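Have a look at the structure below, then the notes.
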Protein chains: 2
Amino acid sequence: MAKQTPKAPEKEPKKAPGVRARVRAELTAEIKAAATRQLAVDGAAGLSLRAIARELEMASSAIYRYFASREELLTALIIDAYTSLGDAVEAADAAHPREEFAPRFVSMAKALRSWAIDKPNEYALIYGSPIPGYAAPQDTVDSATRIPVALLTVMVEGRVKNSTASRTSSEDDSLAQALDGLMTFTGRTIPPGPLAIAVEAWAELFGLVSLESFGHFENAVTDPEAFFDHAVRTLADRVMG
Amino acid sequence: MAKQTPKAPEKEPKKAPGVRARVRAELTAEIKAAATRQLAVDGAAGLSLRAIARELEMASSAIYRYFASREELLTALIIDAYTSLGDAVEAADAAHPREEFAPRFVSMAKALRSWAIDKPNEYALIYGSPIPGYAAPQDTVDSATRIPVALLTVMVEGRVKNSTASRTSSEDDSLAQALDGLMTFTGRTIPPGPLAIAVEAWAELFGLVSLESFGHFENAVTDPEAFFDHAVRTLADRVMG
DNA sequence: AAACAAACAAGAGCAGTGCTCTTGCTTTTT
DNA sequence: AAAAAGCAAGAGCACTGCTCTTGTTTGTTT
């Protein structure tokens, strides 16, 4: 009669990397894989634990030993998506010499768009409507950070390198305040002017990709890729030219 | 035994504006109002026909006489949202003399942001993740068009007015092709250069609002309103200055 | 080797969902 | 007055996330 308290399953058995832990990890991965497959078809809203259980030929209740709730599964998928996108963007960055800032930025931007167009539902999962009542765990926030940080870093460094010494204006103070959270991100202090320009560019990049991916270019921007390439080049010129 | 075929309810009884049609319209409005109320709390995913029926103290099956499906109700809410936002933006536009393009644009942009921050779930409904499997009816597309058209119009007109005669470059041809769908929007032909700049600005505007509304400025942009105001001014300068 | 505890899979069941069909009643039109 | 159309409600289907209980398997500890 002892109440069994399944509760939230432990992530790590601490010590033993025994057989059991291995098959557990494998099944966890299989569940995530099936979920990702389903996500690509039906989107986040259509993600059904029971459907996953059916596909894996197990009882729906058994899934709860691996993910405490649907929400926790979604969190895992969100982190995976951020990681996948972050890897893609950083790989695109690494393909260019460090000091060629503009090509690095253009390459990263294109990688971002390609990923988004390739996996629209995963893109919507991380950059679309927030799920109401879903408080993003710190894990997701951490993995989210990579992408804007990588982009902003290139832009800011590219700008301060290529620009004449920036004189600080009176407006810079209020800007520095408004962007306070970002200032301390990379450790050292960033001049507010270039930071603001970089954030604006990040917003435009995000806007271009989201507008296209979410269907708002339909019947309007006939050739989204061509326009995107043009816009990104313009962007690079403006920020770092 | 005659099969009753409730099917999709007719929108208009064609002739009689009788008593029945009036109470029908009223109930339809009440359902939409309850839905909007629920939308503001739980978002689109949490919209439940049964909950609406409970709130209105009617049988859930009765709702199907007013909306053939949950999807149709959502469509009505989407159109309402576009209309509400469109009205807000156009009102902000109308508050300035026609020839003052930059102030008009800034005013519209701020109205857009205010509306989005005020009604995050309605904003997410129209500008967030598309609902998978939901083919947007033409009605929604039509009401969606207003907003970008209004913004692009101001920007393009403001630019061609304030700029020296634009010489057409070789790149303009490919741009014109990429933006073909937009060219024919306002009737007369638009120079591709300014059009591209305007679309880029629209993307940045959309990006700024969405990033903030969807929570991506958390712990980064400390004062989103101040930053937005700065960015919009910069934007206006760049496009029409 | 035996005993114990933890991990696990499965089934039944609850409360909720969108949606359909059928049954009766009311209102409008003929 | 009769026929037709509009309407509300109830029962029911198939689905969902999630919980609890039962019985089994596995890994560790005495």
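As the structure is a prediction and not an experimental result, all values here were calculated from the model. In what follows, chains carry the letters A, B, and so on, assigned in the order in which the sequence lines appear, proteins first and then strands, with residues in each chain numbered from 1.
Rounded to whole Å, the distance from CZ on A:R65 to P on D:dC18 is 15 Å. Distance, A:R70 CZ to D:dC15 P: 17 Å, rounded to whole Å. In this structure, the CD atom of B:E57 is 14 Å from the P atom of D:dA8, given to the nearest Å. Protein atom CD of A:E72 is 14 Å distant from nucleotide atom C1' of D:dG17, rounded to whole Å. If you take CG of B:L73 and C1' of C:dG18, they are 12 Å apart, rounded to a whole angstrom. Atom-to-atom, CZ of A:R24 to C1' of C:dA9 comes out at 13 Å; the value is rounded to the nearest Å. Across the protein-nucleic acid pair, B:L74 atom CG and C:dG18 atom C1' stand 12 Å apart, rounded to whole Å. With rounding to whole Å, B:L49 atom CG is found 18 Å from D:dT16 atom P.
Using a 30° and 60° split on the angle between ring planes, B:Y127 and B:W202 fall in the perpendicular class, above 60°.
No donor-acceptor contact under 3.5 Å links the side chain of B:S61 to the base of D:dA8.
The nucleotide whose nearest atom lies closest to any side-chain atom of B:Y66 is, among D:dC7, D:dT16, C:dC19, D:dC7. In the set D:dA8, D:dC18, C:dC19, the nucleotide with an atom closest to the side chain of B:S60 is C:dC19. Closest to the side chain of A:A51, from the set D:dA9, C:dC19, D:dT16, is D:dT16. Looking at the side chain of A:R54, the nearest of the listed nucleotides C:dC19, D:dC15, D:dC7 is D:dC15. If you check D:dC18, C:dC8, C:dT17 against the side chain of A:Y64, the one that comes closest is D:dC18. Among the nucleotides C:dC19, D:dC7, C:dA9, the one closest to the side chain of A:A62 is C:dA9.
Residue contacts shown for A:I63 are absent, as no nucleic acid heavy atom lies under 4.0 Å away. Backbone-only contact: A:L27 has heavy atoms under 4.0 Å from sugar-phosphate atoms and none from a base. Base contact: B:R50 has a heavy atom under 4.0 Å from a base atom. Among the protein residues, B:I52 comes within range of no part of the nucleic acid, since none of its heavy atoms lies under 4.0 Å from any strand.
Taking NZ from B:K32 and CD1 from B:I79, the interatomic distance works out to 8.0 Å, rounded to the nearest 0.5 Å. Taken from CZ in A:F105 to OG1 in A:T153, the straight-line distance is 12.5 Å, to the nearest 0.5 Å. With rounding to the nearest 0.5 angstrom, the CD1 atom of B:I31 is 12.0 Å from the CZ atom of B:R65.
Close to D:dC15, at under 4.0 Å from its OP1 or OP2, lies no side-chain N or O of A:S48.
Position along DNA chain D of the nearest nucleotide to A:L47 versus B:M58 favours B:M58 as the more 5'-ward residue.
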Identify each donor-acceptor pair in which a side-chain atom of residues 40-51 of chain A lies under 3.5 Å from a protein atom, sequence neighbours left out, and give them as a table.
| from | atom 1 | to | atom 2 | distance (Å) |
| --- | --- | --- | --- | --- |
| A:S48 | OG | A:R50 | N | 3.3 |
| A:S48 | OG | A:A51 | N | 3.0 |

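Side-chain contact annotation: B:Y123 with B:S210, donor-acceptor N/O pair under 3.5 Å present.
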